[in-house]
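All values below were derived from every heavy atom in this structure, side-chain atoms included, with hydrogens, water molecules and symmetry-related copies excluded. Proteins get letters first, then strands, A, B, ... in listed order; numbering begins at 1 in each.
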Protein chains: 2
Amino acid sequence: MSGHGGAAARIAADLRDAILHGEYEPGDRVRQEQLAEHHGASRVPVREALRMLEAEGLVTLVANTGAWVSRLSQEECDELYRMREQIEPLLLRYNVPLLGAEVLDELDELATRMASEQEVEQFLRDDRRFHALSYGAARTSVLGSTVEQLWNRTQHYRRAFLRLSDPSADRGIHLEHRLLVESLRRGDADEAGAVLGIHVRRTRLELAKHPEVFAAAR
Amino acid sequence: MSGHGGAAARIAADLRDAILHGEYEPGDRVRQEQLAEHHGASRVPVREALRMLEAEGLVTLVANTGAWVSRLSQEECDELYRMREQIEPLLLRYNVPLLGAEVLDELDELATRMASEQEVEQFLRDDRRFHALSYGAARTSVLGSTVEQLWNRTQHYRRAFLRLSDPSADRGIHLEHRLLVESLRRGDADEAGAVLGIHVRRTRLELAKHPEVFAAAR
DNA sequence: ATGCCTTAGATTGTATACATAGAGTGGTGG
DNA sequence: CCACCACTCTATGTATACAATCTAAGGCAT
């Protein structure tokens, strides 16, 4: 059965999306046979998909025992945010000269919409699109994929944090988004990088105020 | 056949070491059956190992076609070094308070030995051990494993660069190592981080002077 | 001679079958 | 009542067999 070439990649992509969309939670067990059946495939490509997601940090495999959706301690999440703080301004600088008028306009739109967004899921999508857009379409670079992985690994905890309160409540976030777009419009890479660094840093500190997000359930 | 649980992990570790030791070069093809036979296993765990190394950036897989040892363009290598420049000082800061007298002494030893080392392979080992040691034994942190992957992906090009000239020729490297150890001895995290950043940056610039290292052979 | 199509070989991709280690269960002795 | 052990069952790990795809060589027409 199965179409052409790449069941493993397809399963990995689906499982990755499912985890990022919150259909799984950290600590949830991932059973090979169940996944295989769900995709109409055997366990062989499922195992390959799990190895891929393991290397991305989304899944944790224990030999002869099983696979679980990765859980982060507060310290690990903090580390990931510190990495983002160092790396994302670097990526942004690469893309400042490449930003066109249409992209800048969409960034404006997204910033405006987020400022009054109530729904967590929509906010998550918009925020992610906002930053991804600012990093350009250059998905090929090793830097871009590293940043994407940092976002993926912390996605669940961002969602859990946002659920604690109204996403539009924190005015600082929206102010920073505005400042960022403005710097980008002027093509000021230094200032844009600085604002972004502050933005990520503040997010990290806000997250640190809510250790209950990292409480081990089940 | 095969012992207990973990042929895939063992094969991945072996292949990773082989690539890092230079037994393979970027662009070399990796055949599944050949690897399987070499390890007395079937192709199933081999494929899992390849997926793992693919996610680490050491191997490039093309569907229905094959696997090759990853090759970096000069631009990609430059990106990886810029990431190192941002991230490694961060990791170092984590470990400054944890450094004991024995470790500092070994760092001194390594710095001394490297300053007069002629052999490329020995220099590579010592340099890597020097920095890994300064980052402490904390292999568990997500930051530590990220840094390790950055080193792994650029290892081949470091070797190729060193082969162009006497490793002990560049006095700047050894001076920076000395300065680093001295800062660490004083427990001055800020200065140590700054020196390390400069160290990585200078290495990147030196590497940029030798584009022939990235010339696509075969 | 050159370019394209056909075909044979090799290599990858996946399903199935079997081997093996873990987790839980019931029973027994203390 | 609790700790411990044998056993069963479930899920994982791997080898084998088969299907699909890519590559390269050779023939044919232009």
Side-chain angles (χ1 to χ4, degrees), chain A residues 1-16 18-19 23-71 216-218, chain B residues 1-16 18-19 23-71 216-218:
Chain A
M1 182 180 298
S2 186
H4 44 305
R10 199 169 27 246
I11 294 170
D14 274 21
L15 181 55
R16 188 185 299 113
I19 292 174
E23 298 170 33
Y24 291 84
E25 287 194 5
D28 282 357
R29 179 148 189 194
V30 181
R31 287 191 179 80
Q32 297 177 6
E33 191 128 25
Q34 173 185 324
L35 250 186
E37 191 176 357
H38 179 64
H39 284 81
S42 80
R43 280 169 40 226
V44 174
V46 167
R47 290 178 57 81
E48 291 183 27
L50 290 175
R51 291 295 193 184
M52 290 189 263
L53 268 58
E54 178 191 30
E56 293 175 23
L58 290 181
V59 164
T60 301
L61 293 174
V62 180
N64 290 318
T65 302
W68 286 263
V69 176
S70 294
R71 181 190 310 237
R218 81 195 59 184
Chain B
M1 182 181 299
S2 186
H4 46 303
R10 200 169 25 246
I11 294 169
D14 273 21
L15 181 54
R16 187 185 298 113
I19 292 173
E23 298 170 33
Y24 290 84
E25 286 194 5
D28 283 357
R29 180 148 188 194
V30 181
R31 288 194 178 77
Q32 298 176 7
E33 191 128 26
Q34 172 185 324
L35 250 187
E37 190 176 357
H38 178 62
H39 284 81
S42 81
R43 280 169 40 227
V44 173
V46 168
R47 291 178 57 81
E48 290 184 26
L50 289 175
R51 291 294 193 186
M52 291 189 262
L53 267 59
E54 178 191 30
E56 294 175 23
L58 290 180
V59 163
T60 301
L61 267 61
V62 180
N64 290 319
T65 303
W68 287 264
V69 176
S70 294
R71 182 190 310 237
R218 80 195 62 184

Note: T65(A) and W68(A) closest approach over all heavy atoms is CG2-CH2, 3.5 Å
Exactly one of H39(B), R31(B), E37(B) clears side-chain contact (heavy atoms from CB on, under 4.5 Å) with L35(B), and that residue is H39(B)
Check side-chain contact (heavy atoms from CB on, under 4.5 Å) between A9(A) and all other residues, then give those that pass, not counting sequence neighbours.
-> none
What is the distance, rounded to the nearest whole Å, between atom CG of N64(B) and atom P of dT14(C)?
-> 8 Å
What parts of residues 42-49 of chain B reach DNA chain D, counting only heavy atoms under 4.0 Å away?
-> S42(B), V44(B), P45(B)
Q32(B) side chain N/O closer than 4.0 Å to the phosphate oxygens (OP1, OP2) of dG13(C)?
-> yes
Are there more than 12 heavy atoms of other residues, nucleotides or ligands under 6.0 Å from atom CD of E23(B)?
-> yes
Expressed in angstrom and rounded to an integer, what is the separation of E37(B) atom CD from dT12(C) atom P?
-> 13 Å
For the pair made of CD in E54(A) and C1' in dT12(D), what is the distance, rounded to whole Å?
-> 14 Å
Separation of atom CZ in R31(A) from atom P in dT12(D), rounded to whole Å = 7 Å
Nearest-angstrom distance from the residue atom CG of L61(B) to C1' of dC22(D) = 15 Å
Measure from CG on L50(B) to C1' on dT14(C) and round the result to the nearest Å.
-> 16 Å
Would you mind telling me which of dT11(C), dT23(D), dG13(C) lies closest to the side-chain atoms of T65(B)?
-> dT23(D)
Over how many whole Å does the gap from Q34(A) atom CD to dT12(D) atom C1' extend?
-> 15 Å
Expressed in angstrom and rounded to an integer, what is the separation of L35(A) atom CG from dT14(C) atom C1'?
-> 16 Å
Do other residues, nucleotides or ligands put more than 12 heavy atoms under 6.0 Å from the CD atom of E33(A)?
-> no
Taking only distance into account, with no hydrogens and no angle test, what donor-acceptor pairs under 3.5 Å do side-chain atoms of residues 41-63 of chain A form with protein atoms, sequence neighbours excluded?
residue	atom	partner	partner atom	Å
S42(A)	OG	V44(A)	N	3.3
R43(A)	NE	Q32(A)	OE1	3.2
R47(A)	NE	E48(B)	OE2	2.6
R47(A)	NH2	E48(B)	OE1	3.2
R47(A)	NH2	E48(B)	OE2	3.2
E48(A)	OE1	R47(B)	NH2	3.2
E48(A)	OE1	R51(B)	NE	2.9
E48(A)	OE1	R51(B)	NH2	3.3
E48(A)	OE2	R47(B)	NE	2.7
E48(A)	OE2	R47(B)	NH2	3.2
R51(A)	NE	E48(B)	OE1	2.9
R51(A)	NH2	E48(B)	OE1	3.3
E56(A)	OE1	R16(A)	NE	2.9
E56(A)	OE2	R16(A)	NH2	2.7
T60(A)	OG1	S70(A)	OG	2.8

Look at R29(B) and dC22(D) and indicate whether a side-chain polar atom (N or O) is within less than 4.0 Å of OP1 or OP2.
-> no
